[in-house]
Amino acid sequence: MPVHTVKNASDLDTRVLPNLQRILLPNLNLMSDAVHSSVKGKVVQKGPVVSCRQGDYLLKAVIQEEDLQQSSVSQQASINVFFFGTMAKDFSLSVSQEMLLSVTRQKAFKFNFKDIVLLAGFIISKSPTEQTNRLHPCHLEMSGPDACVYVCTSAVSPSRELSAVSSEELLLFLFTCKGSQPRYTYVPLNELKPRRIVNVYGVVIFFKQPFPTKGTDYCSTLKITDQSNAKVGCTIFSERLEDHPKIFTIGDIIRLHRVKAQVFNESMTLLTSLGWSAVTFDGAIGSPVEPHASSRTFHFGEADKRTVETLRQWAASQPLLTSEPTVPLSSVQPRMYFDLSCQLLAKACIDSRCMLLKVWDGTKCGYPLLDVAVATDTWEGQSTTSKDREDMTANILVYDNHVEVAKTLKPGTFLRLYNLHAVPQRDSEQPPDVPSRLSFHLHGGTSFGRGLRVLPSHSPDLQPLKRLLESHADRAVEKEVNDDTLLEVWYTPPESVGAAITEEFYTVQTCRHALQQVSLAHVKRSTPPVVCHVRAQVRSYKPRKLYQCLKLFCPQCKSIEEVPDDGTIAQVFQEALRNSLPCSEHWAVTSSMDAPGAGRVITMHVASDMVLDNTHSQLLFLQSLTLDEMCVISGMHKNIVPVQSENRRMKLLDFSAPFLFCGDKRYYGCKRCSRSTFVEPVVSGGEMWDEHDVAKALGVQLMQYTLLIQFELQDGTSTLDALLWEDAEQFFHVSSAETSANQDLQDKVQLIMDRLHPPGSITAKRPWLELCLSAYSVKDNGRNRVCYQITNTETRGNFFTAH
DNA sequence: GATTAGGCTTTG
């Protein structure tokens with residue numbers, strides 16, 4: 001009993017469930033044949049998913065008949081629908097409620113951005129609330145195995161009001177709506193109301209590592225605040241440790257979705273509710289706004305980035321929120337409690353309730369350290385011997401609940417230990433003037449945030465520590481100190497040693513070539529054309545600014561162009577304003593309006609064949625508008641072609657600007673292969689046009705978006721420059737065209753590049769990649785040159801998937 | 001399937 005989505009509203013009438021009889025809601029009654037019928041309507045109300053008895057879920061919605069004659073009884077046009085079980089959850093995720101937007105200009109009218117649903121397999125029951133809610137005398141229950149829902153989401157469907165709207169009103173409307181509604185609204189922490197399910201942002205002012213509860217879950221407790229200065233405790237329950245928010249330090253920023261406000265001990269608290277999610281960010285101004293997600297899929301966009309940046313700015317001005325820096329070993333004083341960032345060198349089991357961790361942070365403790373005697377064979381990772389390093393390694397006794405986490409650690413991993421205790425161990429025979437040796441304890445329990453956690457290797461606050469450790473490792477190499485442990489640990493890529501805990505990242509070949517792996521030196525000696533399998537690391541890549549990887553490719557003349565930046569495009573629009581004399585085409589209906597406050601007349605042309613169509617599917621030609629205005633309008637309307645006039649005829653803009661705007665997407669024509677003169681578009685009404693149809697109708701050669709990156713690969717035998725181009729979409733699991741308009745996908749590509757080649761990383765830290773390489777010759781100035789391309793390869797790993 | 005916990009005034 002699934003919830004299906006369809007693209008076009010017309011599919012609900014024609015393609016979907018053709019064997020069922022549509023009943024108009026006013027005609028529906030208890031005697032109607034529910035088995036062979038369907039109903040259709042817009043979703044005018046959607047309630048939350050609530051859990052009811054027997055562990056079932058329930059969602060109530062109201063749908064309203066659309067296809068009504070004026071005379072219909074309005075009370076019977078809207079009906080309560082109850083969705084049960086997983087269908088309730090699916091429905092809640094797939095469907096949005098009708099949004100009414102009104103524009104006043106002499107008269108008010110409304111536009112309905114709504115989801116339309118087609119329901120079948122329902123049970124018709126008498127509505128017990130007919131008298132109170134004044135809706136349909138029946139309600140529908142969607143619960144049985146035959147229940148199914150088809151949804152057409154976010155269709156801008158012309159209400160009667162809209163179809164009566166003139167072009168001028170449409171233009172005005174488009175200008176009045178500045179973009180679409182935000183996906184989520186966030187409640188300031190001082191405005192929480194009990195029992196409400198909310199989304200919030202906050203700066204972490206206290207946190208505890210997750211600990212097992214007496215129930216089934218782990219529990220994280222934290223306290224957050226925001227610009228309202230309200231301080232709110234949060235309790236997060238989840239069975240899986242990895243689902244808990246990844247908080248590393250006070251001052252980190254957290255975004256919580258679907259948490260429930262509740263009063264406890266007279267203060268407001270937040271509690272995870274059904275479908276909750278948490279995303280955290282580093283709190284430092286200027287560090288990349290990279291989300292650490294607690295769920296595998298989440299939405300993250302420009303608005304989130306701005307919110308995080310604003311919160312960072314605010315937090316920086318609050319002295320109490322700036323995170324206590326971790327204390328290096330060199331600054332540790334006896335008896336203090338402190339947080340330590342370090343690298344694990346070795347570990348040993350003392351007993352079931354105690355483990356010994358040997359760590360270093362590149363600094364030397366000012367106090368003599370206690371050495372804990374452990375049998376050599378109980379160490380994992382080598383116990384140390386070098387006198388030099390003995391002064392720099394600390395032995396940490398980890399107790400009770402922390403043993404569970406400590407057991408999973410692998411030498412080489414970067415760690416943070418919270419509320420570590422420096423305990424002076426006084427030897428009774430020691431003279432009082434001799435300083436006592438320090439030992440370090442991570443006591444049992446989670447009070448004061450006690451605990452330990454693995455730091456991701458790309459964590460910004462790890463970078464100073466890594467530089468320090470790297471310099472020690474380098475010095476050890478220079479001095480040729482025969483101390484393999486240190487070097488081995490340092491040069492073991494955390495990606496492999498810490499794989500189980502931190503992250504996994506690798507590539508796989510998707511081709512069926514049964515090829516033996518060869519070295520890069522071997523590839524270079526081979527005669528093209530040839531396909532090879534190699535194992536290599538990324539030494540460097542370019543362009544480093546990833547938006548520069550996105551190119552335009554003409555399938556006709558094979559040329560590759562940069563994607564013009566907004567400055568260039570805005571310039572083309574400005575120049576076109578000069579050619580704003582009215583033009584008329586016999587095939588178009590033209591209307592004009594004053595641009596608000598700009599002393600300019602904006603003209604809109606619609607192909608006459610399309611005038612009677614659904615406004616959303618029309619191909620619009622707009623003249624005399626700026627790029628900014630175009631961006632606002634294109635967010636609301638599919639298929640807009642910017643035009644200018646020349647000798648009273650309509651003409652396309654220079655091809656440095658997109659010839660077509662479709663929502664967020666922009667499409668370009670090839671300067672060489674497109675007709676510069678305007679071609680009358682051959683249109684037929686009713687269809688939804690895509691960029692290919694529009695290009696064809698206008699005589700434009702459509703440029704394809706493509707990703708192009710040049711890698712410098714290395715494997716110890718040689719280095720080699722290889723392009724990632726034709727199979728780049730497969731490699732990154734994205735579509736180039738979608739990526740051009742979608743911040744999430746751009747972030748995804750960036751995230752993958754950061755895994756392939758972590759910023760600031762040394763060679764040993766970069767992952768080894770299994771790659772399929774194609775070598776081929778190209779003519780370059782009359783000479784043959786060998787080129788290499790990464791083909792048939794895709795990345796795998798737990799990088800986030802945006803949706 | 002609900003429940004869990006609700007910092008904290010540390011200690012091997």
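The shown structure was predicted, so the numbers you read here are calculated from the model rather than taken from an experiment. Note on naming: letters A, B, ... go to the chains in the order of the sequence lines (proteins, then strands), and numbering restarts at 1 for each one.
- No aromatic stack links A:Phe237 and the base of B:dA5, using centre distance under 5.5 Å and interplanar angle under 30°.
- Among B:dG7, B:dG6, B:dT11, the nucleotide with an atom closest to any side-chain atom of A:Tyr337 is B:dT11.
- Closest contact between the side chain of A:Asn419 and the listed nucleotides B:dG12, B:dA5, B:dT10 involves B:dT10.
- Closest approach to the A:Thr213 side chain among B:dG12, B:dC8, B:dA5 is made by B:dA5 (side chain taken as heavy atoms from C-beta onward).
- A:His244 places its NE2 atom 15 Å from the P atom of B:dT4, with the value rounded to the nearest Å.
- With B:dT11, B:dT4, B:dA5 as the candidates, the nucleotide lying closest to the side chain of A:His421 is B:dT11.
- Residue A:Phe211 is classed as a sugar-phosphate contact, given heavy-atom separations below 4.0 Å to backbone atoms only.
- Remark: P of B:dT11 and CG of A:Leu420 are 15 Å apart, rounded to the nearest angstrom.
- Using a 4.0 Å heavy-atom criterion, one finds that A:Asp217 contacts the bases of the nucleic acid, with or without backbone contacts as well.
- A straight line from CG of A:Leu270 to P of B:dA5 spans 19 Å, rounded to a whole angstrom.
- Summary of the strand contacts: A:Thr272 and A:Val423 both lie near DNA chain B, and taking for each the nucleotide with the nearest heavy atom, the more 5' one is attributed to A:Thr272.
- Base engagement by A:Leu271 is indicated by at least one non-hydrogen atom pair under 4.0 Å involving a base atom.
- The separation between A:Phe264 atom CZ and B:dG7 atom C1' is 12 Å, rounded to whole Å.
- Classification of A:Arg255 and A:Asp304 as a salt-bridged pair holds, one side-chain N sitting under 4.0 Å from a carboxylate O.
- Listed by residue number, the members of residues 438-451 of chain A with any heavy atom below 4.0 angstrom from DNA chain B are A:His441, A:His443, A:Gly444, A:Ser447, A:Phe448, A:Arg450.
- For A:Thr216, counting side-chain heavy atoms from C-beta on, the closest listed nucleotide (B:dT3, B:dG7, B:dA5) is B:dT3.
- No donor-acceptor pair under 3.5 Å is formed between the side chain of A:Ser439 and the backbone N or O of A:Leu370.
- Atom CD in A:Gln209 sits about 17 Å away from atom C1' in B:dT10, given to the nearest Å.
- Using bins of under 30°, 30° to 60° and over 60° for the plane-to-plane angle, the ring pair A:Phe248/A:His292 lands in the perpendicular bin.
- Separating the CG atom of A:Asn401 from the P atom of B:dT4 is a distance of 20 Å, rounded to the nearest angstrom.
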**Steps toward side-chain contact (heavy atoms from CB on, under 4.5 Å) verdict (A:Ile350, A:Met355)** = CA-CA 5 Å; A:Ile350 306 283; A:Met355 260 189 89; 5.7 Å; no
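- Per the geometry, CE belonging to A:Met268 stands 22 Å off P belonging to B:dA5, to the nearest Å.
- For A:Thr446, the side-chain hydrogen bond (donor to acceptor under 3.5 Å, both in side chains) partners are A:Lys208, not counting sequence neighbours.
- Residue A:Lys260 contributes atom NZ, which lies 12 Å from atom P of B:dA2 at whole-angstrom precision.
- By the 30° and 60° cut-offs, the orientation of the rings of A:Phe83 relative to A:Phe91 is parallel.
- Closest approach of A:Ile224 and A:Leu222 over heavy atoms only: CG2-CD1, 3.7 Å.
- Phosphate contact (OP1/OP2 of B:dC8, side-chain N/O of A:Lys223, threshold under 4.0 Å): absent.
- Under the rule for a side-chain hydrogen bond (donor to acceptor under 3.5 Å, both in side chains), the partners of A:Asp400 that lie at least two apart in sequence or sit in another chain are A:Arg353.
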